[in-house]
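To start, the structure itself, in structure tokens.
Values reported hereafter were calculated over all heavy atoms of this structure, with side chains retained and with hydrogens, waters and symmetry mates removed.
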Amino acid sequence: MMYKSTRDASVSVPSAQAITQGISRDGGLFVPASIPALTADELAGLIPKNYVERANAVLSKFLTDFTEEEVRSCTAAAYTADKFGSDHTAPLRELYEGVHILELWHGPTCAFKDMALQILPHLMRVSAGKTAGGREIVILVATSGDTGKAALEGFRDAEHTRILVFYPEQGVSPMQKLQMTTQEGENVAVCAIRGNFDDAQNGVKEIFTDPAVARRLAAHGMMFSSANSINWGRLVPQVVYYVSAYCDLLKDGKLGAGEPFNVVVPTGNFGNILAAYYAKKMGLPIGRLICASNRNKVLTDFMETGVYDRRREFHPTTSPSMDILISSNLERLLFDLSGQDDRLIADLMGQLSRDGVYTVPEQMKKALQAGFAGGWCDDGQTAGTIRETYEKYGYLCDTHTAVGVHVYEEYRARTGDTTPTVIASTANPYKFSQSVAEALGAETDGLDEFEKVEALHSLTGCAIPAPLAAIQGKSPRFTAVCDREDMRCAVYEQLHIGE
């Protein structure tokens, strides 16, 4: 299995290099030359297996330059009961008949990013051993909230690795900020930027592709890689939990073999729903992929019109991990829908960078609309969905999952499509205690973050996750703030490789 760049299809590298390098030197994203298949017999064989065994089967299809033992060592180290609370790493909960919630937040940082970022350091270790030539790996991350903490926790004290995380100063929840700024580990650093997530993400991409920065790192025996979902090693583990969810539906008798099911994903950067798309291409009988957005509905508008336009007002919302106007992983989907037309993708991405807008050809728009549906909701609708879902079904969801539930209910009412459905739940509700508690009618004015946690607990009786409770009383280690244009200097300072 070789990997191409979305902007230069002549690039051909094995998975270990794609993972270590993170992003192609032309600015494109690495994608498999072809998507491997999981046959009906192979899927049937996975039904009685546990999550680690299912992960081995899926990842081995993509990481063909890893030995079987290398893959097994990575999955076994990542998906332990100690880290995820049980052997049910990504459990399904039935909301009502035919509709299931896929809980992806049982890991150590209480967000779905753990599903990939607990294994990425192990994939990186094996990959670096094959390709890095003894250089120290510098993981550079932009986060809208959850990726930062999950990456910091995953790479904490990993050998021959450092990790630097940038987050928007006013663009994450108080709990997400506390999780990052109190992070332990000798090889970690965190810096806020004055701006939004897109500013952080663009700054990181510019640093990644700057030859002068690469030369300076090389002179100090270092090289960059990424823990964002632009890194294939971060994206491919996400395919696993959709395969696992399908196997669980079959195992529990909720679906017949080959029977279609829909998938709903609250998404901002498009990685989580793209993983479901790849799972479908592997052979899962997924019907519609329903992309749920908050008020920053650039993806919803794109799916309706074929025009991607980031030239719009940015709205901070109660679902901050989705407050994104440039959805990086969409580039991978467009490359596939275009028949791997690298020139077209390079041109579209150039238009986005230069003009802030692009329009896809009509045939690509039709292909997009054939497989995807989009929808969005505002903060008021999000709060209403949290309240209604709790009152009607006794299920407490966070602000991002609520966006997914709301968009699904609107889709179902609009289309009459009652196909069995899986809704991806991306975070524990206690990560957004204020918004969730207020949605249930609590007053939170004047309360600190942990008093808000207690208020939500008093209202619902839902258990407070131990990793969040453990932060209480900790003092922040990282308080630095910089402007977007100073991010490069901040990297040099943290790595001690300045002038």
Does anything in residues 172-214 form a ring-ring contact (aromatic ring centres under 6.0 Å, His included)? List the pairs, not counting sequence neighbours. Phe208-Phe224

Which residues satisfy the side chain to side chain donor-acceptor pair (under 3.5 Å) test with Gln179, sequence neighbours excluded? Lys431

Would you call the rings of Phe302 and Tyr358 parallel, tilted or perpendicular if under 30° counts as parallel and over 60° as perpendicular? perpendicular

Sequence neighbours left out, what passes ring pair (Phe, Tyr, Trp, His ring centres under 6.0 Å) with Phe155? Give chain and number order. none

With a 4.5 Å limit on heavy-atom distance, are the side chains of Glu184 and Lys474 in contact? yes

Kindly write out the residues that satisfy side chain to side chain donor-acceptor pair (under 3.5 Å) with Ser229, not counting sequence neighbours, or none if the list is empty. Asn329

Please list all pairs meeting side chain to side chain donor-acceptor pair (under 3.5 Å) that have one or both residues in residues 395-404, counting only residues at least two apart or in different chains. Glu103-Tyr395, Asp398-His400, Asp398-Thr401, Thr401-Ser425

Side-chain atoms of residues 113-120: list all donor-acceptor pairs with protein atoms under 3.5 Å, sequence neighbours left out, distances to 0.1 Å.
residue	atom	partner	partner atom	Å
Lys113	NZ	Thr147	OG1	2.7
Asp114	OD1	Thr109	OG1	2.9
Asp114	OD2	Thr109	N	2.8
Asp114	OD2	Thr109	OG1	2.9
Asp114	OD2	Cys110	N	3.3
Gln118	OE1	Lys83	NZ	3.2

Pair up each side-chain donor or acceptor in residues 343-357 with any protein partner under 3.5 Å, not counting sequence neighbours, and list the distances.
residue	atom	partner	partner atom	Å
Asp347	OD2	Gln351	NE2	2.8

Residues which pass ring pair (Phe, Tyr, Trp, His ring centres under 6.0 Å) with Tyr430, listed by chain and number, not counting sequence neighbours: none

Looking at residues at least two apart in the chain, or sitting in another chain, which of them share a side chain to side chain contact (heavy atoms under 4.5 Å, CB included) with Arg295? His315, Thr317, Trp376

With sequence neighbours excluded, residues passing side chain to side chain contact (heavy atoms under 4.5 Å, CB included) with Ala466: none

Donor-acceptor pairs under 3.5 angstrom involving side-chain atoms of residues 164-171: please list them, not counting sequence neighbours.
none

Residues passing the ring pair (Phe, Tyr, Trp, His ring centres under 6.0 Å) test with Tyr411, sequence neighbours excluded, are none

